[in-house]
There are 2 protein chains.
Amino acid sequence: MATSISRSPRIAERRDRTVEAALDHAEAIMTEEGAGAVTVSEIARRLGMRAPSLYKYFPSLHAIYDALFSRGNAQVANYMNAATATSEPGLDHLRTASRAMIRWSIQEPGLASLLFTRPVPGFKPSAEAFAPSQAMWQLWRHHLTVAAQRGELAPSADSDDAMRMLTVLISGICSQQLANQPGASYEDGIFSRLTDEGLDMFVHRYTHEKKGTS
Amino acid sequence: MATSISRSPRIAERRDRTVEAALDHAEAIMTEEGAGAVTVSEIARRLGMRAPSLYKYFPSLHAIYDALFSRGNAQVANYMNAATATSEPGLDHLRTASRAMIRWSIQEPGLASLLFTRPVPGFKPSAEAFAPSQAMWQLWRHHLTVAAQRGELAPSADSDDAMRMLTVLISGICSQQLANQPGASYEDGIFSRLTDEGLDMFVHRYTHEKKGTS
DNA sequence: GTCTATATGTTGATAGAC
DNA sequence: GTCTATCAACATATAGAC
């Protein structure tokens with residue numbers, strides 16, 4: 001992703017290091033001040049550069065956000081792959097992945113808000129940057145299918161609505177945690193502590209088939 | 001809240017109308033462009049005023065956000081009071097209030113994000129502006145107590161954790177709906193359509209006592 | 001690749017004429 | 001209460017010297 005094409009590999013490497021350093025700072029700004037606080041000037045300031053110099057690395061602020069979006073996707077994918085490495089396909093994977101997703105979002109609130117909400121008024125990620133995100137959700141969806149086939153969940157869990165309900169739970173826990181107790185860790189958070197209870201609630205609903213509405 | 005003290009009631013009235021008009025515009029900006037897009041200049045522009053004139057009505061941009069916060073609280077309280085006017089105390093009230101809250105948040109995404117998240121980096125509502133919000137949640141909490149006493153929910157539902165779980169569901173539906181299908185109505189939204197299913201899931205969990213975790 | 005200099009726009013906020 | 005004028009910052013972005 002961050003590999004540039006150049007005649008000299010040494011120069012390209014150095015260039016890539018600068019690009020990565022710029023994104024490191026941008027990420028830090030997001031975490032500290034929110035996603036909307038990222039500016040070309042502030043990144044340059046932290047790099048010990050003048051703002052115009054940064055335009056040699058990125059064509060625009062929009063491009064920086066796009067690179068951050070891609071980086072966020074890569075990070076969360078790595079984090080979840082590592083977390084679910086030894087998980088069984090199906091329900092076990094879904095539980096582990098859900099916990100990992102919430103844990104990561106709390107560790108990286110800036111990147112998470114960029115990936116999962118629209119915190120920057122003018123910015124929409126490019127199709128390329130967005131594609132891995134879709135792939136990730138399809139993987140989740142697949143594990144719902146597996147869980148239903150294995151009988152760990154009811155057949156109705158193999159549906160887009162069930163998938164949406166699971167994302168509702170995860171995003172709800174994250175947003176409540178970050179809004180009401182920012183800075184708290186996954187273990188200490190009064191909302192993130194409810195993760196397993198929420199998952200049980202979901203499993204309960206999609207194990208015993210639906211009852212009537214009052 | 002918006003009543004000013006003045007010797008002449010006529011002038012005070014006119015002043016209050018201007019204040020309200022300014023907040024109307026600010027609200028519209030929030031809905032159209034996001035909570036972070038509210039600026040003194042843009043409000044003045046829409047009022048047909050110069051920016052400095054607005055400082056006769058508000059001491060700072062921060063004060064405008066605070067007034068918007070108060071207004072949001074009043075609006076959502078009115079909306080929910082109207083919606084729950086004929087509801088039975090307890091579970092019926094909670095169901096109706098949850099639907100109303102989600103419906104209102106989708107209709108007023110700008111105000112809702114101001115009330116329930118922290119979309120503006122520098123802004124924290126004043127204690128006075130925040131107080132009604134706390135009162136509202138205490139009312140919800142009260143209805144959980146009533147529902148448990150009536151036997152509509154299990155005793156464990158009379159807890160802060162159950163309250164948090166309910167807010168997780170509501171905020172999760174809102175945030176997913178607004179992020180993934182902005183502009184859709186409550187009826188058409190692929191996430192807001194899950195409201196009743198989510199409530200059923202919650203009720204199911206807090207009716208049948210908790211089972212073991214896998 | 002870095003810089004200075006600059007163009008152009010925006011913001012929040014104040015002073016003071018009318 | 002409105003305006004003009006102004007300030008000090010800040011932003012994105014470009015041109016061109018070195």
Side-chain angles (χ1 to χ4, degrees), chain A residues 2-23 25-26 29-30 32-68 119-124 126, chain B residues 2-23 25-26 29-30 32-68 119-124 126:
Chain A
T3 309
S4 47
I5 297 157
S6 165
R7 237 184 274 269
S8 160
R10 303 265 292 270
I11 289 175
E13 233 171 67
R14 198 179 120 77
R15 190 189 158 79
D16 286 349
R17 268 203 303 276
T18 306
V19 167
E20 292 306 311
L23 293 179
H25 285 299
I29 295 164
M30 276 193 158
E32 294 162 20
E33 323 252 356
V38 176
T39 62
V40 175
S41 317
E42 182 59 26
I43 297 172
R45 205 157 14 237
R46 297 191 183 205
L47 278 172
M49 247 181 201
R50 302 297 140 225
S53 307
L54 210 53
Y55 282 85
K56 295 286 176 183
Y57 299 93
F58 300 95
S60 69
L61 176 62
H62 188 102
I64 294 176
Y65 273 116
D66 222 57
L68 279 172
V120 184
F123 171 66
K124 265 199 70 172
S126 65
Chain B
T3 310
S4 47
I5 297 158
S6 165
R7 236 184 273 268
S8 161
R10 304 265 292 271
I11 289 175
E13 234 170 66
R14 198 180 120 75
R15 190 190 157 80
D16 286 349
R17 269 203 302 275
T18 307
V19 166
E20 292 306 311
L23 293 178
H25 285 300
I29 295 165
M30 275 193 160
E32 294 163 22
E33 323 251 356
V38 176
T39 62
V40 176
S41 319
E42 183 59 26
I43 297 171
R45 202 152 25 232
R46 297 191 183 205
L47 277 171
M49 248 182 201
R50 301 296 136 219
S53 307
L54 210 52
Y55 282 86
K56 296 287 178 182
Y57 299 94
F58 301 94
S60 69
L61 178 62
H62 188 101
I64 294 176
Y65 273 116
D66 221 57
L68 280 172
V120 184
F123 171 67
K124 265 200 71 172
S126 64

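Values reported hereafter were calculated over all heavy atoms of this structure, with side chains retained and with hydrogens, waters and symmetry mates removed. Lettering follows sequence order; numbering is per chain, from 1.
Residue A:S41 places its side chain closer to D:dA11 than to any other of D:dA11, C:dA15, C:dG12. When distances are taken from the side chain of B:M49 to each of D:dT2, D:dT14, C:dT2, the shortest belongs to D:dT2. Out of D:dA11, D:dG1, D:dT12, the shortest distance to the side chain of B:R15 is found at D:dG1. Nearest nucleotide to the side chain of B:L61, out of C:dC3, C:dG12, D:dT12: C:dG12. Proximity note for A:P52 (side chain, C-beta onward) versus C:dG1, D:dA15, C:dA13: the nearest is D:dA15.
Here A:R17 lies out of heavy-atom contact (under 4.0 Å) with every strand. At a threshold of 4.0 angstrom between heavy atoms, the contacts of B:S60 are confined to the sugar-phosphate backbone, with no base atom among them. Residue A:S53 is classed as a base contact, given a heavy-atom separation below 4.0 Å to a base.
Between the CG atom of B:L54 and the P atom of C:dG12 there is a distance of 10 Å, given to the nearest Å. Separating the NZ atom of B:K56 from the P atom of C:dC18 is a distance of 16 Å, rounded to the nearest angstrom. Look at CZ on B:R50: it is 17 Å from C1' on C:dT14, rounded to the nearest Å. A:I64 has its CD1 atom 12 Å from the P atom of D:dA11, to the nearest Å. Look at CD on A:E42: it is 7 Å from P on D:dA11, rounded to the nearest Å.
The phosphate of C:dG16 (OP1 or OP2) has no side-chain N or O of B:Y55 nearer than 4.0 angstrom.
B:Y55 places no side-chain N or O within donor-acceptor distance of the main-chain N or O of B:V40, the cut-off being under 3.5 Å.
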